[in-house]
Trainee: 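I'd like to ask some things about the structure below.
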Amino acid sequence: MRLARIRTADGVLTGEYEDGAVTVDGASYAVGEDAELLAPCEPSALYCVGRNYATTNDQMGYERPERPDWFIKPPVSVRPHGAAIPYPSWTSELTYAGELAAVIDDRCSNLAVDEVDDAVRGYTILNDLDALDQDGRTARKAFDGSGPLGPWIETDADPDDLDMTTHVGGERRQEANTSEMLFSPREVVAFLSERYTFRPGDVVSFGSPANPGLVQPGEEVEIWYEDVGTLRNAIADAD
């Protein structure tokens with residue numbers, strides 16, 4: 001099932017997405033006509049794992065981590081599928097990164113790996129935008145609009161063996177499978193739950209495959225994950 005959040009004349013609603021429409025309590029809303037697609041959840045935080053693909057580490061010259069290596073994006077980083085993302089005026093090195101992400105369903109902590117599926121509502125897609133020329137992860141990654149998220153939550157995907165691609169301006173830039181991760185999605189969620197109490201709607205992302213790279217104003221970033229969907233956002237000129 002694909003769960004989507006939409007803005008309608010009846011307010012913000014969540015329902016099942018299918019064939020361009022979202023059904024809520026028997027009522028159908030056509031996306032783009034009488035409904036606007038929103039980010040699929042409202043996280044209190046986005047817990048983002050880096051260095052989780054050996055090929056990326058080799059490309060970037062990173063050492064293989066002994067445990068998941070993470071940082072946090074704030075709620076203001078979230079933007080929905082289809083929204084234009086302004087290119088920040090204070091950077092000249094903005095990069096994309098196509099990541100699978102879990103959405104937490106219930107307040108939870110200290111999960112065992114075999115308890116993760118019951119705690120996760122489903123999976124969505126994150127574009128981990130990074131202002132590469134800034135100092136430190138927070139400055140680079142935790143700014144307004146740095147976390148395009150969506151388009152919906154897929155409740156039936158198995159995260160351990162999904163193909164993915166990222167296209168920028170129609171050109172394929174990334175291609176991988178989630179089986180290549182150093183730490184599996186379930187391992188990552190369990191690990192982080194030892195350190196944080198997750199809240200409903202919180203997001204955990206699992207790192208980017210090789211070839212995260214520069215993106216320019218006017219280019220569209222399209223990230224596809226098998227069995228989940230496609231997140232698409234254009235990069236706009238700075239406000």
Side-chain angles (χ1 to χ4, degrees), residues 3-7 12 14 31-32 35-50 52 56 70-104 123-153 164-171 173-174 199 201-209 211-225 228-239:
L3 297 176
R5 285 179 67 243
I6 52 175
R7 179 178 288 113
V12 174
T14 298
V31 175
E36 175 190 357
L37 203 61
L38 302 176
C41 55
E42 295 183 283
S44 68
L46 296 87
Y47 302 91
C48 304
V49 168
N52 201 24
T56 308
W70 78 97
F71 55 93
I72 296 174
K73 288 180 183 275
V76 293
S77 67
V78 175
R79 293 293 185 274
H81 168 79
I85 310 300
Y87 195 108
S89 60
W90 38 263
T91 182
S92 59
E93 294 186 36
L94 186 67
T95 67
Y96 61 85
E99 304 191 7
L100 183 70
V103 179
I104 301 299
Y123 293 87
T124 190
I125 301 167
L126 172 74
N127 185 359
D128 174 25
L129 294 173
D130 183 340
L132 201 62
D133 55 359
Q134 303 301 296
D135 296 324
R137 269 184 169 169
T138 298
R140 286 171 43 195
K141 293 174 173 285
F143 55 89
D144 284 9
S146 63
L149 188 71
W152 43 64
I153 300 168
M164 69 81 63
T165 59
T166 299
H167 287 78
V168 178
E171 176 186 354
R173 299 281 184 86
Q174 293 183 298
R199 299 180 181 181
D202 282 354
V203 170
V204 181
S205 72
F206 306 112
S208 172
N211 298 320
L214 294 174
V215 65
Q216 302 296 333
E219 291 183 324
E220 184 174 73
V221 183
E222 182 178 283
I223 304 166
W224 168 80
Y225 271 85
V228 179
T230 301
L231 172 67
R232 187 180 299 107
N233 297 90
I235 306 300
D237 290 323
D239 291 337

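Just so it is clear, the structure is predicted and the values come from calculations on it, not from any experiment.
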Trainee: Report the residues that fulfil salt bridge (Lys or Arg N to Asp or Glu O under 4.0 Å) with Glu222, sequence neighbours left out, ordered by chain and then residue number.
Mentor: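 Only Arg232 meet the salt bridge (Lys or Arg N to Asp or Glu O under 4.0 Å) criterion with Glu222.
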
Trainee: Give me each pair satisfying salt bridge (Lys or Arg N to Asp or Glu O under 4.0 Å) with a member in residues 74-102, each pair once, sequence neighbours excluded.
Mentor: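 Qualifying pairs: none.
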
Trainee: Once you measure the plane-to-plane angle for Tyr123 and Phe206, does it fall in the parallel (<30°), tilted (30-60°) or perpendicular (>60°) bin?
Mentor: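 Taking Phe206 first and then Tyr123, their aromatic rings sit tilted (interplane angle of 30° to 60°).
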
Trainee: Using side-chain contact (heavy atoms from CB on, under 4.5 Å) as the criterion, list what pairs up with Thr138, not counting sequence neighbours.
Mentor: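 Residues passing side-chain contact (heavy atoms from CB on, under 4.5 Å) with Thr138: Ala142.
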
Trainee: Of all residues at least two apart in sequence or in a different chain, which pass the salt bridge (Lys or Arg N to Asp or Glu O under 4.0 Å) check with Arg140?
Mentor: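 For Arg140 the salt bridge (Lys or Arg N to Asp or Glu O under 4.0 Å) partners, ignoring immediate neighbours, are Asp130.
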
Trainee: Report the residues that fulfil side-chain hydrogen bond (donor to acceptor under 3.5 Å, both in side chains) with Asp144, sequence neighbours left out, ordered by chain and then residue number.
Mentor: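 Asp144: no side-chain hydrogen bond (donor to acceptor under 3.5 Å, both in side chains) contacts found.
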
Trainee: With sequence neighbours left out, write down each residue that passes side-chain contact (heavy atoms from CB on, under 4.5 Å) with Thr14, or none if nothing qualifies.
Mentor: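 With neighbours one apart ignored, the set is Arg5.
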
Trainee: My understanding is that only residues two or more places apart in sequence, or in another chain, count here; which of them pass side-chain hydrogen bond (donor to acceptor under 3.5 Å, both in side chains) with Asp202?
Mentor: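 Result, side-chain hydrogen bond (donor to acceptor under 3.5 Å, both in side chains) vs Asp202: Ser44.
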
Trainee: Asn211: what forms a side-chain contact (heavy atoms from CB on, under 4.5 Å) with it, not counting sequence neighbours?
Mentor: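 With neighbours one apart ignored, the set is Gln59, Gln174.
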
Trainee: Tyr96: what forms a ring-ring contact (aromatic ring centres under 6.0 Å, His included) with it, not counting sequence neighbours?
Mentor: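 In terms of ring-ring contact (aromatic ring centres under 6.0 Å, His included), with neighbours along the sequence ignored, Tyr96 is linked to no residue.
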
Trainee: Applying side-chain hydrogen bond (donor to acceptor under 3.5 Å, both in side chains), name anything that partners Gln134, two or more places apart in sequence or on another chain.
Mentor: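 Gln134 satisfies side-chain hydrogen bond (donor to acceptor under 3.5 Å, both in side chains) with no residue once adjacent residues are dropped.
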
Trainee: Only counting residues at least two apart or in another chain, list the ones meeting side-chain contact (heavy atoms from CB on, under 4.5 Å) with Pro217.
Mentor: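 With sequence neighbours excluded, Pro217 shows a side-chain contact (heavy atoms from CB on, under 4.5 Å) to Tyr87, Asp237, given in chain and number order.
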
Trainee: side-chain hydrogen bond (donor to acceptor under 3.5 Å, both in side chains) with Trp224: which residues, sequence neighbours excluded?
Mentor: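 Trp224 satisfies side-chain hydrogen bond (donor to acceptor under 3.5 Å, both in side chains) with no residue once adjacent residues are dropped.
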
